[in-house]
Each structure stands twice: as C-alpha cells, then as structure tokens.
Amino acid sequence: MATHQPPLTAGNLGKHFTVLDPATGDAFGEAPDQQPGELDTIVARAHDAWRGWRADPAARTAALLAAADAIEAAGVDLAPLLTREQGKPLAESYAEVARTAARLRYFAELAPESRTLSDRVAVRGEIRWRPLGPVAAIVPWNFPLQLASAKFAPALAAGNTVVLKPSPHTPLATRLLGSVVSAALPEDVLTIVTGHEPLGARLAAHPGIRHVTFTGSVPVGRAVAEAAATSLARVTLELGGNDAAVLLEDVDVERIADRLFWAAFRNCGQVCMAVKRVYAPARLYSDVVEALAQRARAVVVGAGLAPGTQLGPLNNAPQLARVERLTARALAAGARAVAGGHRLDRPGYFHAPTILADVRPDSPVVTEEQFGPVLPVLPYGNLDDAVEMANDTGFGLGGSVWGTDLDRAEAVAGRLECGTAWLNHHAELSLAQPFAGVKESGVGVAGGPWGLYGNLRPFVLHRPEEA
Ligand code: NAD
C-alpha cells in the first residue's frame with residue numbers, strides 16, 4: 001500500500017515550482033515540477049496496476065470506503081492547506097473535504113448492472129460492464145479536491161486506474177489528498193502528477209490512456225479533445241458556464257436576495273455553475289440591484305484563514321486581471337458599479353464584491369464567463385425576451401428561475417437551454433444526479449450512475465437460447 005509519488009520535501013530542489021498564497025501573493029510552498037518525459041513510466045505503472053485493481057470489485061469497494069474515511073480523518077490537514085493555496089474561507093475548505101469524501105463513498109458503493117437483453121430473437125445477449133484502463137484526469141483550481149474526487153471516484157470505482165493532474169496554481173492539497181487516498185489502495189492505482197504545460201497536453205495525448213476526463217475552460221477543453229483524438233481515447237469534458245438567473249414578476253426580492261447573492265459570490269464567484277448574470281423585471285429592477293448591492297457592501301472580505309472571512313481572494317493574478325478588465329470595460333461603456341467596481345488596494349488578489357447595473361447586454365462581462373466576484377444585473381420588459389437573453393450564449397451549464405408561483409417558475413425553467421435548472425436556488429447538486437452541460441459547456445455526463453458508466457464499456461455476450 002504505497003505510492004511512488006515524490007515525497008513532499010524540498011529534497012529535489014530545482015525540480016520544484018513555487019506555489020503562491022493568493023491572500024498575500026507570496027510563495028509559501030513547492031510542488032514537483034514533473035516533466036512530460038516522466039509520463040511513459042507513470043502510465044505504464046498505472047496500466048500494470050490496473051490488472052489487479054479491476055479483478056476484485058469487493059476489495060475495491062472496501063479500499064475506496066477506507067480511503068473515504070481517511071480523507072475525512074485528514075480534513076484537519078487538508079482544509080487549511082486548501083485555503084492557503086486556493087484562497088477560500090476555511091469553513092468552505094472543510095465543506096469541500098467533506099464533499100470529496102462523500103463522493104468517494106457514494107461511488108464506492110455503486111455497481112454497474114449486468115443484465116440480460118431480449119428483442120425476441122432466439123439469442124440471449126448479456127451486458128457486462130468492463131473498465132477502460134488508465135484514465136487521465138485534468139482539473140482546475142477552483143475546487144481542487146472536490147473536482148479531483150469527481151474524476152477519480154467514479155473512475156476507480158469502475159475498476160480503472162487514474163493519473164490525475166491538478167492545476168499548477170493548486171497542486172499541494174491535491175498531492176496530500178493523493179497520498180491519503182493512495183495509502184488505502186494498491187500501489188499506482190491513483191497517481192498525482194504536478195507541473196506545467198505541456199504536462200497536461202502530453203497526458204491527454206498519451207497512447208496508454210483510455211479515457212481523458214477534463215474539467216476546465218472551453219478553449220483548453222477543445223485542445224484536450226484534440227490531444228485525446230491521437231489515441232482515440234474516450235473524452236469527458238466539463239467546461240465553463242455563464243448561468244443566468246431569471247427573476248419573475250412575483251419574486252419576493254428580500255426573501256431570495258441572500259440565496260441569489262451567494263449563488264453568484266460563493267468561492268469568490270469562481271464556480272462553473274455560479275449565477276453569472278441576473279435578469280430582473282423592469283418594475284423590480286432597482287429593488288433587486290439594491291438588495292444585492294447591500295449584501296456586496298456588507299460581506300467580509302479577507303484571507304481565507306482569518307476568522308470571520310466570508311469572501312477570500314481570487315485564486316491567481318491572471319484571474320484577477322481578467323475580472324478587472326471585464327469590469328473596467330463594462331464601466332467604460334456606461335455601466336454603474338452600485339457596489340465595488342475595483343480591485344482592493346492590498347496585497348494578494350482581492351477584488352471588491354461588485355454589482356453592476358445598466359450594463360449593456362453585449363458587454364463582455366455579460367457575454368463571457370467572468371469567474372469572479374462581479375455580477376451584472378439586467379432589466380427586462382417581457383419574459384420571452386428574458387428567456388431569449390438567458391439562452392443567447394454559447395454556454396449551457398445551468399440556469400435558474402426565481403418566483404413565488406413554483407408551477408409558473410418551473411414552466412419558465414423548462415425553456416432554459418442548459419443541463420441543470422433550479423427553482424429559487426442555484427448550483428446545488430445531488431451526488432446521484434447526472435451533471436452535464438449542453439452547447440459548449442461540455443461533452444459526456446458526470447454524476448450518479450451516469451458518471452460510473454462514463455468510465456465503463458459494455459461487453460456483450462451473445463448466446464443462443466437453450467433449445
Ligand atoms: P483551464 O482550462 O485553464 O485549466 C484546467 C486544467 O487544464 C489545469 O489543470 C491546467 O493546468 C490544464 N491545462 C492547461 N492547458 C492544457 C492543455 N493544453 N492540455 C491539457 N491540460 C491543460 O481552466 P482553469 O482556469 O484552471 O479553471 C477555470 C475554468 O474551469 C472555468 O472556465 C470554469 O468554468 C471551468 N470549470 C468547469 C467546471 C464544470 O464542472 N463544468 C467546474 C469547475 C471549473
């Protein structure tokens with residue numbers, strides 16, 4: 001029960017890269033700067049480990065359940081490290097650790113169903129589900145642990161082995177998670193690799209990989225799909241979103257304002273399925289803007305490890321620059337910052353929680369994914385226009401409708417072109433549900449049994465019916 005991952009020591013200096021604390025901008029840790037040339041050995045070992053791992057489902061379940069327990073037990077180490085490198089408030093890091101363990105437990109106990117088919121011909125077909133082989137998982141920096149387990153939990157439960165690459169912005173908590181999980185598994189069943197590009201590109205293109213499962217931005221998702229085409233590996237892509245929240249005429253603004261605010265600002269807005277645009281009826285527009293702005297002004301911004309912090313920094317300097325740029329462009333085109341509107345004058349990557357009113361619908365802060373603590377609020381006169389604006393995007397991850405008459409809200413939600421629609425809340429997922437974006441938000445399905453089958457292939461045995 002060991003792993004060949006390099007130890008977390010400074011012993012290999014020169015082959016490490018520094019990790020920055022987004023609350024200060026200062027370096028605070030190091031991760032191994034692994035090179036693409038190392039992948040041949042790593043993938044070959046993952047392939048060798050696959051033989052034993054796929055053979056015994058009961059042993060797999062037991063090992064994965066033990067790993068889930070170990071994650072929970074390691075929360076006291078994982079959560080502060082996650083906050084330090086990612087920026088989120090400590091309580092949210094603990095919640096992320098809990099969800100990471102819960103997802104592993106959920107998939108550990110899920111088994112594919114073999115079944116017999118009949119289409120009235122005299123042949124009995126039986127489906128047996130088989131794992132694919134070594135899986136490459138590539139994840140971003142916004143929920144490093146939760147997204148890692150969203151990849152490795154279904155892949156390992158299905159009987160595959162996994163080579164996982166976190167973002168170079170957040171390698172440390174993932175490495176620790178890898179050590180904790182690997183200690184409960186046979187050697188080389190789960191391997192974490194850290195480093196800079198082209199490490200991910202070469203992993204996605206590696207001929208020994210049979211499934212590439214990626215979460216990240218649309219342009220990189222496209223590149224990953226092209227890389228995986230080299231070996232015709234299966235591809236699952238969970239990509240960006242530009243989710244709209246459509247408020248109806250009968251919405252109780254004060255009642256929903258907290259929930260709506262946090263659906264946009266949790267994790268500093270760095271959530272693929274955060275509310276990224278709000279459409280409010282013209283009659284309620286100023287009430288909605290003011291309710292959200294009040295909350296934006298009141299929120300406690302600070303280092304994730306500081307007690308009382310509700311909103312941390314953005315994770316990295318390029319992301320802060322992007323949010324600043326989108327906000328400045330909107331303001332230059334006539335938008336009003338009713339709260340915030342600027343980065344904070346302090347070390348680290350802090351941006352003031354920002355509510356933008358009077359934003360042009362074609363402003364990039366509306367049409368692109370801002371992925372930060374900036375929320376444009378737009379008025380509408382006619383509900384059909386609101387639905388059309390909500391759908392007028394290349395993305396299709398989620399969307400929500402907010403109102404008092406739930407039947408009416410549900411009818412409107414049914415018109416949204418997205419994978420998941422919520423009523424009076426947003427971005428909450430059950431482990432048991434399918435999660436899939438439409439349009440440019442993704443390819444394939446994660447979550448629930450669909451996530452498990454996404455890591456399996458059908459093997460069909462045909463035999464004649466007994467005479
Ligand atoms: P990103 O696409 O820049 O990077 C994602 C990962 O891919 C990182 O590990 C990165 O190092 C790696 N990578 C970069 N170039 C690569 C290449 N050419 N080949 C292979 N791998 C490469 O995304 P990000 O900035 O880290 O994360 C933010 C994005 O992730 C947002 O668009 C967000 O919406 C999206 N996201 C989507 C979901 C979802 O489930 N749909 C969840 C979280 C985040």
Side-chain angles (χ1 to χ4, degrees), residues 17 19 22 31 33-34 36 39 85-86 88 96 99 103 136-151 163-171 174-175 192-206 209 212-230 233 235-243 266-276 314-323 368-372 393-398 418-420 427 429 433-447 451 454:
F17 62 93
V19 181
D33 195 8
Q34 289 176 270
L39 291 173
E85 68 176 352
Q86 201 283 332
K88 64 188 64 184
E96 181 166 342
R99 284 192 295 267
R103 182 165 278 139
I138 301 174
V139 292
W141 42 259
N142 56 340
F143 290 95
L145 302 185
Q146 204 175 316
L147 293 174
S149 87
K151 302 299 190 195
V163 180
L164 182 137
K165 193 199 81 65
S167 164
H169 293 297
T170 52
T174 311
R175 276 180 53 79
I192 310 296
V193 294
T194 57
H196 290 95
E197 285 313 303
L199 187 65
R202 291 278 290 279
L203 178 60
H206 198 283
I209 293 294
V212 183
T213 177
F214 170 84
T215 295
S217 62
V218 174
V220 177
R222 226 174 241 124
V224 163
E226 280 174 24
T230 318
V235 173
T236 302
L237 304 175
E238 295 175 54
L239 306 179
N242 193 4
D243 291 11
R266 188 168 71 93
N267 203 28
C268 215
Q270 302 162 124
V271 181
C272 56
M273 52 185 158
V275 168
K276 296 192 175 119
L314 285 130
N315 173 255
N316 56 73
Q319 191 57 28
L320 173 61
R322 173 179 169 76
V323 169
E368 295 177 19
E369 181 183 32
Q370 67 272 43
F371 220 60
T393 167
F395 295 106
L397 199 56
C418 56
T420 311
L429 295 179
Q433 76 167 83
F435 180 59
V438 298
K439 300 196 265 186
E440 289 188 347
S441 285
V443 171
V445 184

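For reference, positions follow the sequence shown, starting with 1. One-based numbering, in listed order, for ligands and for the atoms of each. Heavy atoms only: backbone and side chains are in, while hydrogens, waters and symmetry mates are out.
- Looking only at distances, no side-chain donor or acceptor of Ser441 sits under 3.5 Å from a matching main-chain atom of Leu239.
- Inter-residue side-chain proximity for Pro144 and Glu96 is flagged as met; some heavy-atom pair is nearer than 4.5 Å.
- Distances from atom 32 (O) of ligand 1 to the protein include at least one heavy-atom value under 4.0 Å.
- Formation of a donor-acceptor pair under 3.5 Å by the Asp33 side chain with backbone atoms of Phe17 is not found in this model.
- Close approach of ligand 1 to Phe371 (heavy-atom distance below 4.0 Å) involves ligand atoms 28 (C), 31 (C), 33 (C), 34 (O).
- Atom 39 (C) of ligand 1 has Cys272 SG, 3.3 Å as its closest protein atom, hydrogens excluded (heavy atom only).
- Here's the thing with Ala223: none of its N/O atoms is less than 3.5 angstrom from an N/O atom of ligand 1.
- Atom numbering of ligand 1 starts at 1 in the shown order; those under 4.0 Å from a heavy atom of Val224 are 19 (N), 20 (C).
- Taking atom 41 (N) of ligand 1 as the reference point, the nearest protein heavy-atom neighbour is Leu239 O, 2.6 Å.
- Numbered from 1 in the order shown, with element, the atoms of ligand 1 that lie under 4.0 Å from a heavy atom of Phe435 read 40 (O).
- With hydrogens and angles ignored, the 3.5 Å screen pairs a side-chain donor or acceptor of Asn267 with a backbone N or O of Asn142.
- Near Pro168, meaning under 4.0 Å from one of its heavy atoms, ligand 1 places the atoms 11 (O).
- When non-hydrogen atoms are compared, ligand 1 lies under 4.0 Å from neither the backbone nor the side chain of Gln270.
- With a heavy-atom cut-off of 4.0 Å, Phe143 does not touch ligand 1 at all.
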query: Going through the distances and angles, do Phe143 and Gln270 end up as a side-chain contact (heavy atoms from CB on, under 4.5 Å)?
result: CA-CA 9 Å; Phe143 290 95; Gln270 302 162 124; over 6 Å; no
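- Within the 4.0 Å heavy-atom criterion, neither part of Val271 lies near ligand 1.
- Atoms of ligand 1 lying under 4.0 Å from at least one heavy atom of Pro166, given by number and element, are 9 (O).
- Looking at Thr215 next to ligand 1, no N or O pair under 3.5 Å apart turns up.
- Here side-chain hydrogen bond (donor to acceptor under 3.5 Å, both in side chains) pairs that include residues 216-229, with residues two or more places apart or in two chains, are Arg222-Glu440.
- Summarising the geometry of Gln319 relative to Gln370, their closest heavy-atom pair is NE2-O, 3.2 Å, with the distance given to 0.1 Å.
- Among Ile138, Leu39, Thr194, the single residue meeting the side-chain contact (heavy atoms from CB on, under 4.5 Å) criterion with Leu199 is Leu39.
- With contacts defined as side-chain heavy-atom distances shorter than 4.5 Å, the pair Met273/Leu429 qualifies.
- For the pair Gln433 and Thr420, the minimum side-chain heavy-atom distance is below 4.5 Å.
- In Ala204, neither the side chain nor the backbone holds a heavy atom less than 4.0 Å from any atom of ligand 1.
- Counting only heavy atoms from C-beta outward, the side chains of Pro140 and His169 never approach each other to under 4.5 Å.
- Of all heavy-atom pairs spanning Pro434 and Val445, the tightest one is CB-CG1, 3.6 Å.
- In terms of protein heavy-atom proximity, atom 34 (O) of ligand 1 is nearest to Glu369 OE2, 2.6 Å.
- Of the protein's heavy atoms, Ser217 OG, 3.6 Å lies nearest to atom 1 (P) of ligand 1.
- Close N/O approach between Trp141 and ligand 1 is found [any backbone or side-chain N/O within under 3.5 Å].
- With respect to atom 13 (N) of ligand 1, the closest heavy atom belonging to the protein is Glu197 OE2, 3.4 Å.
- Every N/O-N/O distance between Phe214 and ligand 1 stays at or above 3.5 Å.
- Residues passing the side-chain hydrogen bond (donor to acceptor under 3.5 Å, both in side chains) test with Lys151, sequence neighbours excluded: Thr213, Thr215, Glu238.
- Polar contact with ligand 1: present for Lys165 (N/O pair, distance under 3.5 Å).
- Shortest contact from atom 9 (O) of ligand 1 to any protein heavy atom: Val139 O, 2.7 Å.
- Two residues are said to be in side-chain contact when any heavy atoms from C-beta on lie closer than 4.5 Å; Trp141 and Leu147 fail this criterion.
- Checked against a 3.5 angstrom limit, the closest N/O atoms of Asn142 and ligand 1 fall outside it.
- Of all protein heavy atoms, the one lying nearest to atom 12 (C) of ligand 1 is Ile138 CG2, 3.7 Å.
- Atom 40 (O) of ligand 1 has Glu238 OE1, 3.1 Å as its closest protein atom, hydrogens excluded (heavy atom only).
- Listed by atom number, the atoms of ligand 1 under 4.0 Å from Gly200 heavy atoms are 19 (N), 20 (C), 21 (N).
- The main-chain N or O of Glu369 is never found under 3.5 Å from a side-chain atom of Asn242 such that the two would form a donor-acceptor pair.
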